[in-house]
Amino acid sequence: VLKVNLSLRKNIKSHLSVLHRNCTELGPNHMLKGKRVIVTGASTGIGEQMAYHLARMGSHILITARTEAKLQKVVERCLELGAASARYVSGTMEDMAFAEHVVKEAEASLGGLDMLILNHVGTSYFGYFDGDVGHVRKLLEINFLSYVAMTVSALPMLKESEGSIVVVSSMAGKVGFPFTVPYSATKFALDGFFSSLRQEFSIQSVNVSITLCILGFIDTGKRSAV
Ligand SMILES: NC(=O)C1=CN([C@@H]2O[C@H](COP(=O)(O)OP(=O)(O)OC[C@H]3O[C@@H](n4cnc5c(N)ncnc54)[C@H](OP(=O)(O)O)[C@@H]3O)[C@@H](O)[C@H]2O)C=CC1
Ligand SMILES: C[C@H](CCC(=O)NCCS(=O)(=O)O)[C@H]1CC[C@H]2[C@@H]3C(=O)C[C@@H]4C[C@H](O)CC[C@]4(C)[C@H]3CC[C@]12C
């Protein structure tokens with residue numbers, strides 16, 4: 001048993017060292033080189049920084065949010081940082097037709113899609129739940145339904161490229177923290193939808209990965225409300 005154990009350990013060690021050498025030679029900065037990526041909510045905060053990381057890796061980037069002036073600046077910076085290409089589409093994710101339009105724009109301008117990064121989030125409040133059902137509905141449309149609409153539109157292209165869906169969520173989408181009731185509900189909904197869809201992809205051998213990012217508080221230097 002000791003002999004088998006030792007030879008197994010030797011084997012694993014040599015495999016790991018090959019893996020490490022390959023990864024180091026390739027370098028993390030090349031992983032998404034030439035890949036076609038949509039980043040939503042990329043005019044500020046985490047989405048903006050993700051766009052810059054993709055730019056440094058040499059990806060083709062399509063960003064979106066409502067504020068055109070900010071998107072223009074982010075696109076300029078992406079090009080300076082080395083993006084293979086960078087463009088924006090401005091509009092609101094309250095409108096499902098707009099969500100679908102962004103995906104169509106990627107198809108028209110990039111000829112396909114390798115990664116869909118769903119990151120945008122509508123404005124809410126940080127405080128006791130005030131009973132405003134209209135606000136919960138609106139936030140569900142922005143933070144959840146538009147994610148679903150974009151995923152459905154992008155799926156044929158992602159199946160073709162065997163690409164990835166990245167969904168930015170929060171600890172508040174896994175645990176019920178106080179003062180974030182509407183926001184938390186939208187993030188829990190994302191977990192239900194995308195975790196279930198991932199299981200279906202696995203059963204159907206659909207080679208599209210789904211990653212749900214569970215973030216804790218990140219100070220983007222910006223705001224006091226959600
Ligand atoms: N920061 C944090 O502590 C945490 C953040 N997260 C998650 O990370 C992601 C990014 O958060 P963060 O960077 O802090 O958020 P920001 O508020 O900085 O950015 C939100 C982005 O969404 C866009 N957006 C807002 N409303 C709409 C709308 N109606 N239609 C289209 N786009 C819209 C904004 O641009 P514009 O106003 O121009 O439309 C902006 O680009 C979110 O999913 C959030 O839930 C998770 C845990 C913690
Ligand atoms: C307070 C939550 C994080 C708790 C935490 O990180 N505990 C430590 C665990 S560990 O010791 O094991 O590491 C925050 C998690 C998510 C935050 C909320 C969020 O998702 C978005 C908003 C961002 C905004 O800038 C402030 C308000 C938020 C609602 C924010 C509030 C704090 C969290 C719930």
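We count ligands from 1, going down the list as the structure has it; atoms in each ligand are counted the same way.
Residue-to-ligand polar distances place G41 within reach of ligand 1: an N/O pair is separated by less than 3.5 Å. Where the criterion is an N or O separation shorter than 3.5 Å, residue side chain and backbone included, S43 meets it with respect to ligand 1. An N or O contact shorter than 3.5 Å links I218 to ligand 1 by distance. Any N or O atom pair closer than 3.5 Å counts here, and G47 shares no such pair with ligand 1. Below 3.5 Å of separation, one finds an N or O of Y183 facing an N or O of ligand 1. Checked against a 3.5 angstrom limit, the closest N/O atoms of I142 and ligand 1 fall outside it.
Between E80 and R77 there is a salt bridge, since a side-chain N of the basic residue sits under 4.0 Å from a carboxylate O of the acidic one.
Using a 4.0 Å cut-off between heavy atoms, S169 contacts ligand 1 through its backbone alone, with no side-chain atom that close. Counting heavy atoms closer than 4.0 Å to ligand 1, residue A42 contributes backbone atoms (N, CA, C, O) but none from C-beta onward. Only side-chain heavy atoms of K187 come within less than 4.0 Å of ligand 1; its backbone N, CA, C and O stay farther off.
Proximity to T67 (heavy-atom distance under 4.0 Å) selects the following atoms of ligand 1: 36 (P), 37 (O), 38 (O). The atoms of ligand 1 that sit less than 4.0 Å from any heavy atom of T92 are 28 (C), 29 (N), 30 (N). Atom numbering of ligand 1 starts at 1 in the shown order; those under 4.0 Å from a heavy atom of G45 are 13 (O), 18 (O).
Considering each of E141, K70, H120, R66, the one bringing a non-hydrogen atom nearest atom 26 (N) of ligand 1 is R66. Considering V167, V168, N119 only, the shortest heavy-atom separation from atom 7 (C) of ligand 1 involves V168.
Taken together through direct or relayed side-chain contacts under 4.5 Å among Ile, Leu, Val, Met, Phe, Trp and Tyr, V181 and V175 form part of one hydrophobic cluster.
More than 12 non-hydrogen atoms from other residues, nucleotides or ligands lie less than 6.0 angstrom from CD of Q72. Counting heavy-atom neighbours within 6.0 Å of K73 NZ, excluding the residue itself, gives a total of 12 or less.
For the pair L158 and V208, the tightest heavy-atom approach, listed with the atom from each and the gap, is O-CG2, 3.6 Å. Contact between M93 and M96 at its shortest, heavy atoms only, is O-CE, 3.4 Å.
Residues L212 and D191 form a side-chain contact, since some pair of their non-hydrogen atoms from C-beta on lies under 4.5 Å apart. Looking at V103 and E100, their side chains never come closer than 4.5 Å, going by heavy atoms from C-beta outward.
Under the 4.0 angstrom criterion for non-hydrogen atoms, C213 is not in contact with ligand 1. Proximity of G216 to ligand 1 is established by a heavy-atom distance of less than 4.0 Å.
Between L81 atom CG and L54 atom CG the span is 11.0 Å, to the nearest 0.5 Å.
Results of the side-chain contact (heavy atoms from CB on, under 4.5 Å) test with Y147 over I165, V167, V152, I142 single out V167 as the only residue that passes.
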